[in-house]
Each structure stands twice: as C-alpha cells, then as structure tokens.
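To start, the structure under review is shown below, and the notes come after it.
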Amino acid sequence: MPSPDGLRAALSLLQPRLPRLLLAITLGALSLGSALALAGVAAWLITRAWQMPAILDLSVAVVAVRTFGISRGVLGYCERLAAHDTALRAAAGARSEIYRRLAHGPADITARLHSGDLMTRVGADVDALADVAVRALVPIGVAVILGIAATAVIATISLAAAAVLAVCLMIAGGLGPWLAARAARAQEAVAHQQQSQRDIAALTALEHAAELRIAGRLPSVIGEAEQRQRDWGRAIDRAAAPAAAAAAVPTLAVGASVVGAVIVAIGIAAHTAPTTLAVLMLLPLSAFEATGALPGAAVALTRARIAGARLLDLVPAAATTPAVVITPPPATPVLRAEAVRAGYPGGPAGQPVTLTLEPGARLAVTGHSGAGKTALLMTLAGLLEPVDGQVSIDGSSTVSRTESELRSAVCYFAEDAHLFSTTIRDNLLVARGDCSDDELTHTLAVVGLDRWLAKLPDGLSTVLTGGTAAVSAGQRRRLLLARVLLSPAPIVLLDEPTENLDAEDGHRLLAALLDGRHGLLSPARTVVVATHQLGDDIGCRRLSVDGAG
C-alpha cells in the first residue's frame, strides 16, 4: 500500500481549500452535536416528566428538543453542501492540473498507456481521491470533536463512565476502521485493475467498431468489455464485504458502553438524581453516531491511496516547463537519425535506423501493423527518447532541445488525433492560431471538404457536437489533414494520414503529400509519412521497418 506521504503528495493535486473543509467539519460537528444534545435533553425531559412537575418546568426542555431536532437536519444538510462543494471544486482543479502537467510533461508518460487506462486515472482515480474530503476527512474530524465533547459531558457526571465511554470510542474509531482498511486493501487494488481493463476493452470497441465489425471481432470485443464489467463488479463487492463486517465493531462498542454506563448508574443511583442517571445511560447512544462512518472513511482512504499512487505515476511532479512558443526557423533544418532504435517505454525496440532528411525531403515509412512505424515517428519528433542512437535537428540532439524549439521545428500528427466538441474553426486553429477564415476555407477546399463546408448552416462556426462523433471517418481524416497544411512547422511527420479513406481518394492524397514539387505541402518542407497503403507508382524515398533499417 502507498505510504501516507504518498497520499499527501497526491492530495496536493486537489489543493483543497482549508477554510471550506473546516467549515464542513464544523457544520458536521454542530449537526451531530445537536443530536448529542437532543439525546441528553430528551432523556432529562422524559425522566422529569415522569415526576409530573408543573408544565412550565418543562417548557424550556420542550423548546430545546424541537430546536435540536430541527437544527440537526438543517446543519447536516449544510455540511453536505459544504463538503461536496469542496470535493467537486478540488476534483475539477486536480483534473486541470493533471492536464497541464501532461501537456508540458514528457510524452512517454502517456505513450505507454492505453486511452482507456488514461481515462480511468483522470476520471475514477481523481474521483476516489476527491472522495477523501467527503468520506474521510470530514467524518474523522467530526468523530474526534464529538467524541471529546461526549466524554467531557459524561465526565461531569461520572469519571468512571467517561473512562468506559472513551475506551469504547477508541475501539469503535480505531479497531473497526483498521480492520476495514486492512481487509479492503488487496481487493481494492484488484478492483482498480479490473476497471482499467474494462475501460480499455470498451474504448477499443468504440474507437475501432468499423474495423472490428469487418473483421468479425466486434461481438467478441463487446463481450470482453461486458465480462470485464462483471469482473469489476465482483471485485468491488469483495472489497466492500470486509468493510461491512468491520462496521459491526462500532455496534459492539455501543453495547459495551451502554452496559458500562448502566453499571456505573446503578452504583451512583443512591446519591444521583434520576434525570442525571437517564442522561448518563442514554447519551452514549448518540456519542457513537459519528464513529459509525469511520470504517467507510478507512476504506475511502485506502482507495484514495491506491488512486493517488496511480496518479503520481501519471504525473510524478509539477511541470516546470515554460509555455511553448512556436517560432519557426528561417529555413527547414536537417533531420538526422543515427542508429536509432525506437520503442515505447517498457516495450520492445525496433531495428536500428539511420537516415538523413535534407530540407524538402519526402520519405514514406512502411511496414506491417505493429512493426514500429508510429514509435519511429514519435522518436523523430522528440516525443519519445530513442532506446539507442540519437536524433538530431541541425546537429543538435532532440533530447537537449527545449519543447518550444522542438515544436517550432518538427510536428507529429497522430493517426488518432482528437477532434474537440467545438466549432470547425477552433478545431483548425489548434494547428495555428492566427489563421484567417479565408485561409481556413481555402485549406478545407484543398483537402476536399469544400462541398461539405458549403452545406453546413453555420460554415466554420458549426459546432462539432461530440467531436469525432459529429463527422464521418473520412471527414475526420481530412480535417486532421487540414491541420497539417496549416501547421507552421517546417518538418511534418504524419501517421497513417489516409486511413479510413477509400482507396482512390487515399492514393491521391498520399501521392500529393509525398510529391516534393507540386504536392499539398511546400517543396521547402520536409515530409515523413507512415503508411501501409503506399502504391508502387508513388515515387519517393522509402524506409521499411519490417527488417533492418
């Protein structure tokens, strides 16, 4: 299990607002304090009414019972509002911080993770970490305050009864949560693994449904996702079962405390008022109300520690990289790879590749799926460090260059690049923010989207609701290609730019990209394309990664 120090480091991502958290704890303590006062006053009122005094002697107690009964519910509701507001704000801030660190951090952090695993970490793991405020910190703070207050009140009546109550409170607040955390720890780790595998299978089915349907594998992938969901549910149930057993500890402690109070009350009955004895015996019932949530708090802390470790593995340190400023060099630089073996962290490395790309060069990287074309392009772009060898730009290693220098010289365009749920204009301005509408319209025409754009009611202002879901696979591919044309980087690396296009259109676009004189891109720009659809009639330099480079 990750250490408490690791949990504190992970909680720094949340940056919870201490005043809001203290407000939630205060409101929770006041709410359960009202319940404690209600039990004491009600016990006094019942016993005093049995003595049949004048009705005016009971009026203050009657009003107090109503006041504490109402305030308990109102203050409890306010505590929920404050705690959830703190948790939701902290979760939103944590996700923003994680995205910022990922944007400025090394690309190999995300390159080694499937998008489903990445989604689990940024989604469910952040939620588990944020739950600490609502399910752990607030209940623990309230239990401590209420336990001290109840013990102090009982001590004014009997020190012996107060000692019994204190011991029982420590058992309920210590032993029960410890048993719950110890029993849930191992099962919770398994549950997180199952959830990650479920999300990976589900996203694979969603993102590659068309290809899987053609291959006849879509039902099996969907079935796998469903099985992962069932496995995840069973793992969660197994994690919850020990916590349910540990929840019995506070109940046993309540019984022991009440029995102890009764024994003490019998011993002091001769010289103590009946109303005081009633308070002594009934007050412990409310004193333990706060400890009932502590086993759940221990489980929440356990889950948060596991989630925190996964998040720290994703974003181990705050990003100190300055903002990226794109300043294209005056001339296209020379891109050189010297005995470079490319591969993802923890995975196999490809064959050594040595090449030199002079300004304006065109190169097609070919090979079967999984041969390492994408890893090679990401290594040439400086997104992955070479396993062996060196990649340099104008003689300077990519490892030694700043992020701004790298992105100004070379840009990698992924096969699965994201389309945002915003306007077409904003989706294109991702490549270069100073483009005019005329330039955007002309670029869309160049990639064959002029007729599609003309049919849209709002033109460039049309919102792609759902991002990728708003366009066909071919339209998405052409929109991503338009980003390539708009990019100011003199060296562009494209991963499967014609995927999901029909054979004729794909061949035409691929030939235009690799045409060094009259193609889509300026003859001064260096273009590297990874593809498995290269025709024999396209004349350009080729590099196969199936064998030795």
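Reckoned from all heavy atoms, side chains included, excluding hydrogens, waters and symmetry mates. If you're wondering where the values come from, they're calculated on a predicted model, not measured in any experiment.
The shortest distance between side-chain heavy atoms of L36 and L283 falls below 4.5 Å. Using a 4.5 Å cut-off on side-chain heavy atoms (C-beta onward), V144 and I148 make contact. Side-chain contact between D85 and L81 is absent, with no heavy-atom pair separated by less than 4.5 Å. Contact annotation: the side chain of I154 never approaches that of L159 to less than 4.5 Å [non-hydrogen atoms, C-beta and beyond]. No side-chain heavy atom of V279 sits less than 4.5 Å from a side-chain heavy atom of V41. Between M281 and T276, every side-chain heavy-atom pair lies at or beyond the 4.5 Å cut-off. By the 4.5 Å heavy-atom criterion applied to side chains, I266 and I263 are not counted as neighbours. Using a 4.5 Å heavy-atom threshold, the side chains of I145 and T26 count as separate.
Applying the salt bridge (charged side-chain N to carboxylate O under 4.0 Å, His left out) rule to pairs touching residues 146-172 yields nothing, sequence neighbours excluded. For residues 25-34, no pair satisfies salt bridge (charged side-chain N to carboxylate O under 4.0 Å, His left out), with sequence neighbours left out. Among residues at least two apart or in separate chains, there is no salt bridge (charged side-chain N to carboxylate O under 4.0 Å, His left out) pair with a member in residues 138-151.
With T272 contributing its side chain and A269 its backbone, the two residues share no donor-acceptor pair below 3.5 Å. A donor-acceptor contact shorter than 3.5 Å is absent between the side chain of S257 and the backbone of V254. Looking only at distances, no side-chain donor or acceptor of S31 sits under 3.5 Å from a matching main-chain atom of L27. With hydrogens and angles ignored, the 3.5 Å screen pairs a side-chain donor or acceptor of S408 with a backbone N or O of S404. S96 places a side-chain N or O within 3.5 Å of a backbone atom of A92 that can act as its donor or acceptor partner. Counting only distance, with no hydrogens or angles, the side chain of S400 and the backbone of S397 share a donor-acceptor pair below 3.5 Å.
Distance check: L383 CG to M378 CE gives 5.0 Å after rounding to the nearest 0.5 Å. In this structure, CG in L38 is found 11.0 Å from CD1 in I70, a value given to the nearest 0.5 Å. Atom CZ of R89 sits about 14.5 Å away from atom NE2 of H84, to the nearest 0.5 Å. Note that CD1 of I222 is 8.5 Å distant from CG of L212, once rounded to the nearest 0.5 Å. Separation of atoms SG (C168) and CE (M170) is listed at 9.0 Å; rounding is to 0.5 Å. In this structure, L18 CG and I25 CD1 are separated by 8.5 Å, a value rounded to the nearest 0.5 Å.
Take D495 and apply the side-chain hydrogen bond (donor to acceptor under 3.5 Å, both in side chains) test, not counting sequence neighbours, and it matches T374, Y412. Here R48 pairs with D57 under the salt bridge (charged side-chain N to carboxylate O under 4.0 Å, His left out) rule; sequence neighbours left out. Under the rule for a side-chain hydrogen bond (donor to acceptor under 3.5 Å, both in side chains), the partners of R230 that lie at least two apart in sequence or sit in another chain are Q227. Taking the side-chain hydrogen bond (donor to acceptor under 3.5 Å, both in side chains) definition, one finds that S71 meets it with S34, sequence neighbours left out. Shown here are the salt bridge (charged side-chain N to carboxylate O under 4.0 Å, His left out) partners of E224, two or more places apart in sequence or in another chain: R228. Residues passing the side chain to side chain contact (heavy atoms under 4.5 Å, CB included) test with T251, sequence neighbours excluded: none. Every side chain to side chain contact (heavy atoms under 4.5 Å, CB included) that D458 has, sequence neighbours left out, goes to S461, T462. With sequence neighbours excluded, the residues satisfying side chain to side chain contact (heavy atoms under 4.5 Å, CB included) with R95 are A91, Y99, V122, V126, D127.
Heavy atoms of other residues, nucleotides or ligands lying less than 6.0 angstrom from CZ of R217 number 12 at most. Heavy atoms from other residues, nucleotides or ligands lying under 6.0 Å from CZ of R476 number more than 12.
Between P386 and V399, the shortest heavy-atom distance links the atoms CD-CG2, 4.5 Å. The two atoms that bring L165 and P284 nearest to each other are CD1-CB, 4.2 Å, heavy atoms only. Residues V164 and G260 come closest through the heavy atom pair CG1-CA, 4.2 Å. Between A83 and V138, the closest heavy-atom pair is CB-CG2, 4.3 Å.
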Taking distance alone, no hydrogens or angles, what donor-acceptor pairs closer than 3.5 Å link side-chain atoms of residues 286-296 to residues at least two apart or in another chain?
from, atom 1, to, atom 2, distance (Å)
E289, OE1, R72, NH2, 3.3
E289, OE2, R72, NH2, 2.2
T291, OG1, F288, O, 2.8

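Remark: of the listed residues V65, V63, L45, L45 is the sole one forming a side-chain contact (heavy atoms from CB on, under 4.5 Å) with L58.
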